[in-house]
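What follows is one structure encoded as structure tokens, with my remarks underneath.
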Amino acid sequence: MAFYVIANGQIESCKIQGGDNLYARFCVVYGKDWRLLHGLDSGTSQIARRPSCPGDPFVWNHPLSLTLK
């Protein structure tokens, strides 16, 4: 019998003072008993430009999807 974990989501946005042309890096950490079947366990989002209105978040909406067995 196999046990699977399927994770779906997104890196949506962040609010940060200063900066421009920001990107998000991600890394999913899992134990030695797990094996990645589908998706990426690490990566980098696209670049987000400074919002036109001060106080608005940087937006990526970068999708995440992975399956572990």
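Scope of the values below: all heavy atoms of this structure, side chains included, with no hydrogens, waters or symmetry mates.
The salt bridge (charged side-chain N to carboxylate O under 4.0 Å, His left out) analysis of residues 37-49, with sequence neighbours excluded, yields the pairs Asp20-Arg49.
What you find for Lys69 and Ala2 is that their closest heavy atoms are CE-CB, 3.7 Å.
In this structure, Ile6 stands alone, with no Ile, Leu, Val, Met, Phe, Trp or Tyr side-chain heavy atom under 4.5 Å from its own, directly or through other members. Applying the 4.5 Å side-chain rule to ILVMFWY residues, one finds Phe3, Val28, Tyr30, Trp34, Leu36, Leu66, Leu68 in the same cluster as Val5. In the hydrophobic clustering, where aliphatic and aromatic side chains (Ile, Leu, Val, Met, Phe, Trp, Tyr) are joined below 4.5 Å either directly or transitively, Leu64 groups with Ile11, Ile16, Leu22, Phe26, Phe58, Trp60.
Between atom OH of residue Tyr23 and atom OG1 of residue Thr44 there is a gap of 6.5 Å, rounded to the nearest 0.5 Å. Distance check, rounded to the nearest 0.5 Å: NE2 of His38 to OH of Tyr4 gives 13.5 Å. Atoms CD and CG, on Gln46 and Asn61 in that order, are 8.0 Å from each other to the nearest 0.5 Å.
Qualifying side chain to side chain contact (heavy atoms under 4.5 Å, CB included) partners for Cys27, counting only residues two or more places apart in sequence or in other chains: Val29, Ser42. Ser65 meets the side-chain hydrogen bond (donor to acceptor under 3.5 Å, both in side chains) test with Asn8; sequence neighbours excluded. Residues satisfying the side-chain hydrogen bond (donor to acceptor under 3.5 Å, both in side chains) test with Gln17, not counting sequence neighbours, are none. Residues forming a side chain to side chain contact (heavy atoms under 4.5 Å, CB included) with Pro57 (at least two apart in sequence, or on another chain): Ser13, Lys15, Val59.
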